[in-house]
Amino acid sequence: MTILYGFDLLGTLVFAISGTLSAANKKLDLFGAYFTGFITAIGGGTLRDIILGNFPVGWISDINYLIVISVGVALTFLFKKHIMTLKRTLFLFDTIGIGVFTIIGIEKSLSLGIHPFLSIIMGLFSAVMGGVIRDTLCNDIPLIFRKEIYAVACLIGGILFIALNSLGIASALNQFITIACIIIIRIICIRFKISLPVLKY
Amino acid sequence: MTILYGFDLLGTLVFAISGTLSAANKKLDLFGAYFTGFITAIGGGTLRDIILGNFPVGWISDINYLIVISVGVALTFLFKKHIMTLKRTLFLFDTIGIGVFTIIGIEKSLSLGIHPFLSIIMGLFSAVMGGVIRDTLCNDIPLIFRKEIYAVACLIGGILFIALNSLGIASALNQFITIACIIIIRIICIRFKISLPVLKY
Amino acid sequence: MTILYGFDLLGTLVFAISGTLSAANKKLDLFGAYFTGFITAIGGGTLRDIILGNFPVGWISDINYLIVISVGVALTFLFKKHIMTLKRTLFLFDTIGIGVFTIIGIEKSLSLGIHPFLSIIMGLFSAVMGGVIRDTLCNDIPLIFRKEIYAVACLIGGILFIALNSLGIASALNQFITIACIIIIRIICIRFKISLPVLKY
């Protein structure tokens, strides 16, 4: 759990940075940027814990999340031009982040006796809802509804995790395989410009 | 309760279809459409259960909701042109859906000792909040704020339900009368183009 | 607590009026206006109670909030032109409202053993999230992200409250000082047009 906890904080950091960058796009002020970074980072996990009835929600009983988010927002403010050039690194960390959030959501749900399929949905919520709330607050249609195999990578990773879990694979190995799988799917989809069909009338 | 449970699943199905159709309007991809259908179907009940502190929320402990929603989204994808021609049938099912959701919300609230007026609001939330979240995610001002006697039909139905309930009418009969009342109000308002006054400066 | 309770209801009233006025700007109908006023008034406290796991949320177990909100919406409908001329009075009450909501949020959080820094964030959520939800529903980027030292006044007030609290100042006196401080900061910032820097690329 300690490695996962470290990755959880890393994912939180990257999500705070992505939220703050979104805010910069919308010309929000310092407070709006901090707030957007904060919500992006904790939104998914908060919604998951609320739906599961798992109170108090994660970040409210662990000050480390607030510290990590504050660091992320401050870094973005101070080094925004430099951070923009680190797109590949950010992309990698972001993908690790959604992988970790997916796994944490699934494991928490399974431990509460939730049906495996619904646990996958809770894993997905953990990973994507922060971004959905960020886009909704910034008055955009959520990015994951329109572009990229982002959520689907989590979904496939989640199904793999549940499958390996039911085969009795050790949790740490399973976590590693699942995150690797999510990273590979995202990279392949971006390289080959694979996207989902659009529903039209 | 079993008849109401069946209608609850029917309402969930219809709401999933309406959410998926909204997504098609916005040219969302397959995932975005599924997600929007899902949120539309479970949003109202989820918010009601969260406010009431009624955990875990309904759909997370009953896999049938996920199944019904998946069927609704798949049907919309496969037969979207055909479904568009079924407007009257969809309208009827949708109205049954909001009637059922209103009643379920009120009965749950009353059973938890909530004040009757506030129980009506919880019934209203159950019925309309899924659509409000759908419209907000799709970057529209919620439809129920601008058009149609939709929410008001629920509100009047809710007041009728509470009144008959306090008179000691049997629950099943009361449910039937209330749903019939909500359907009739909606049909009358649409036929005669009755709408609420708009607040202007 | 009784004085604070009275101010809480006053704040709820003012927030209901501000929500209804927003709805008028967007040409919402009577129901949309009531709904927006309602959500604006109870949104912040509801979100705070949900995150803290403090169920049932405040307004669902106390009918007075519903009554006060209904009065606020009705007053706005009946006397909207007159209310628009009372901008200064509204501004003062609104500022008292955010001050009271900040303090209530902090005190509730501290009493549940939440870390003081996180308690300040819960105070801030109580004060500003109603307005954030109002703006999101009305399809605007939240006002507090773009204009005015609104949230920062709460933040500074919250830090002051925690500092004085840790020095053992009596709660009632501390409440008075904090609200006065929030009012003074807002007035100074508006008079001298002080605003936060905007994050740009």
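Letters A, B, ... mirror the listed sequences (proteins, then strands); counts begin at 1.
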For this session: For ring pair (Phe, Tyr, Trp, His ring centres under 6.0 Å), just list the numbers for B:Tyr150 and C:Phe31, CA-CA rounded to whole Å, side-chain angles, deciding distance to a tenth of an Å, and then say yes or no.
Result: CA-CA 10 Å; B:Tyr150 185 99; C:Phe31 173 79; 9.2 Å; no

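For B:Ile121, the part lying under 4.5 angstrom from a heavy atom of chain C is the side chain only. For B:Leu124, the part lying near chain C is the side chain, with the backbone staying farther off; criterion is any non-hydrogen pair under 4.5 Å. Of the atoms belonging to C:Ile83, not a single heavy atom falls under 4.5 Å from chain B. Proximity to chain B (any heavy atom under 4.5 Å) is restricted, for C:Leu66, to the side chain, taken from C-beta onward.
Ranking B:Leu112, B:Asn139, B:Leu52 against chain C, the residue ahead of the rest is B:Asn139, based on heavy-atom pairs under 4.5 Å. Interface check for chain B: of the options C:Ile60, C:Asn54, C:Ile50, the most heavy-atom pairs under 4.5 Å are formed by C:Ile60.
In summary, the side chains of B:Ser119 and B:Glu107 do not present any donor paired with an acceptor at a separation below 3.5 Å, with no hydrogens or angles considered.
Ion pairing of C:Lys26 with C:Asp135 is absent here, as no side-chain N (NZ or NE/NH1/NH2) approaches a carboxylate O to less than 4.0 Å.
For the side-chain contact (heavy atoms from CB on, under 4.5 Å) with C:Met122, the lone residue among C:Ile51, C:Leu110, C:Ile106 that qualifies is C:Ile51.
For B:Tyr34 and B:Phe77, the ring centers sit 6.0 Å or farther from each other.
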